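Residue numbers start from 1 in every chain, and the chains themselves are labelled A, B, ... in the order their sequence lines are given, proteins ahead of strands. Every heavy atom of this structure was used, including side-chain atoms; hydrogens, water molecules and symmetry mates were not. In this text, all values refer to a predicted model and were calculated from it rather than measured experimentally.
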There are 2 protein chains.
Amino acid sequence: MKKRVSSAKRSTGVTRPGPEPGYHHGELQEALIAASEAILAEQGAEGFTLREAARRAGVSPAAPSHHFGNAQGLLTEVAIRGYDALAGALREAASGKPGAREKLHAQGLAYVDFALRHPGRFQMMFANKRLVADDARLRQASRAAGHAFEIVVAELVGGTPKGAKTAAAAAWSTVHGFAKLALEEKFGSVKNEAGRREVMMTLNQVLNYLWPASGPRPQA
Amino acid sequence: MKKRVSSAKRSTGVTRPGPEPGYHHGELQEALIAASEAILAEQGAEGFTLREAARRAGVSPAAPSHHFGNAQGLLTEVAIRGYDALAGALREAASGKPGAREKLHAQGLAYVDFALRHPGRFQMMFANKRLVADDARLRQASRAAGHAFEIVVAELVGGTPKGAKTAAAAAWSTVHGFAKLALEEKFGSVKNEAGRREVMMTLNQVLNYLWPASGPRPQA
DNA sequence: CGATCTATCTGAACAGTGTTAAGATAGATA
DNA sequence: TATCTATCTTAACACTGTTCAGATAGATCG
């Protein structure tokens, strides 16, 4: 009696045109993660809903629970991948630069560039209340991203590990705060490419001010 | 036929024990704002709901719309007051300190202290998507808070206005990023007073690193 | 003083949300 | 071939924000 046409609408998902076989989806986890990232890219962090993700993956609203427990579980997986991507971008930015200061500058630019290009994902990565905050893999992924700054900064300050911790906290705080404020349009519009370019130039000045080419910064 | 006992339950609100007269509430705006701030203080930004605010004010869920349009309107008013409080805290922190560097340090500490003591309100102030982002009063209140840094920093860098803008952006970014990361527990727990104190000491080191007592910072 | 006017609030409804429980389905296993 | 088990659906629940017609009460005016 039940129509059971639901398998038909499964072909209208956002899932990439891969296998996507029979009834048992087979790749539902990946499909849900991909759908979630698509929503975050299109609508931002506030636009995400679990039902919409399920809709795009072509399954019922209850399906995700079996794989991720709840919405937090799914978003945690998305956040982990986000941290991995961010850490990769930071490593890549630093590699190839000659000195420690150049590495730090490149990392700072890469950090904010990541945030401005993937605002929804970035906001979600730092929305602890929407994630399983004590998830071990999430914590490690986050730590790895933060650690990218420590590595570069340790080279900059030739001091104790404690000094490196402080300097890394300073660097992370500055670029993170700049990214957050920029996303809230405190430095002008970042909706178009021109606005983003201007904001990135402001960031460049900030970095030059806080970590000048050499010696002291112009100061009273 | 309608019972009309609803006026009875109005006495069970969170509203301060002031007049709170007859049927027409008379101070519903203030009651809703106070209720919203209470929710933010107890449950954080994610815990706020318009219905709960109405519940605490002792009115129906539809009542707020008449005064604030929608939830964004109410939250915008809350955010404006938050910015005013923040700007006041920043001004007060700077006043009384002798030099520009001391003023900046005090402001930075006050900024993060505000964020850690009122996390829900702070998060909401910077959640543009939940506010009427282009509200004139909100924008001005936000600008005023950011301007507090410019005033102090202009005294620090004896240069052009453009240099002051850059230095203010740097200071704001650093303390804002530190506050955000601290609230997401990236520097350890901030749930109890001891954790917050430790985090504030880390902030102090960061400020000392970025704006050292005099001259250059220890650097390769 | 009494009638009308107007701002304020209620009641009820709507579409949408996350989550849960019970049952159907299909691939894997014995 | 029969059973087992992971996976997914259906249906329901308690919420949410918002809208609209109507009730209410304080203010205004004849």
Examine distances only and state if a side-chain atom of A:Arg197 and a backbone atom of A:Asn192 form a donor-acceptor pair shorter than 3.5 Å.
no
NE2 of B:His66 versus P of D:dT19: gap in Å, rounded?
13 Å
Distance in angstrom units between B:Phe48 CZ and D:dT16 P, rounded
11 Å
Please state whether the phosphate of D:dG17, meaning OP1 or OP2, lies under 4.0 angstrom from any side-chain nitrogen or oxygen of B:Arg130.
no
Roughly, in whole Å, what's the span from CG in B:Asn70 to P in C:dG16?
18 Å
Select one nucleotide: of D:dT19, C:dT20, C:dA13, the one nearest the side-chain heavy atoms of A:Ala62.
C:dT20
What is the distance, rounded to the nearest whole Å, between atom CD of B:Glu27 and atom P of C:dC9?
11 Å
Whole-Å gap separating C1' (C:dC9) and CG (B:Leu28)
9 Å
State, without any angle test, whether A:Thr174 and B:Thr174 hold a side-chain donor-acceptor pair at a distance under 3.5 Å.
yes
Between A:His176 and A:Phe149, is the ring centre distance below 6.0 Å?
no
Within the structure, does a side-chain N or O atom of A:Arg55 lie under 4.0 Å from either OP1 or OP2 of C:dT17?
yes
Testing the 3.5 Å rule here: is there a donor-acceptor pair between the side chains of B:Lys97 and B:Gln107?
no
Whole-Å distance, A:Glu52 CD to C:dA15 C1', equals 15 Å
With no hydrogens and no angle check, just 3.5 Å: does a side-chain donor-acceptor pair link B:Gln123 and B:Lys180?
yes
Touch class at under 4.0 angstrom, heavy-atom based, for A:Ala63 against every strand present:
base
For D:dT10, does OP1 or OP2 lie under 4.0 Å from any side-chain N or O of A:Ser60?
no
Sugar-phosphate only, base, or nothing, as touched by B:Ala71 at under 4.0 Å among non-hydrogen atoms
sugar-phosphate
For D:dC8 and A:His67 - does any side-chain N or O of the residue sit under 4.0 Å from the phosphate oxygens OP1/OP2?
yes
Please give, in whole Å, the distance from C:dT19 P to A:Leu74 CG?
10 Å
Rounded interatomic separation in angstrom, taking CD1 from A:Ile39 and P from C:dG18:
9 Å
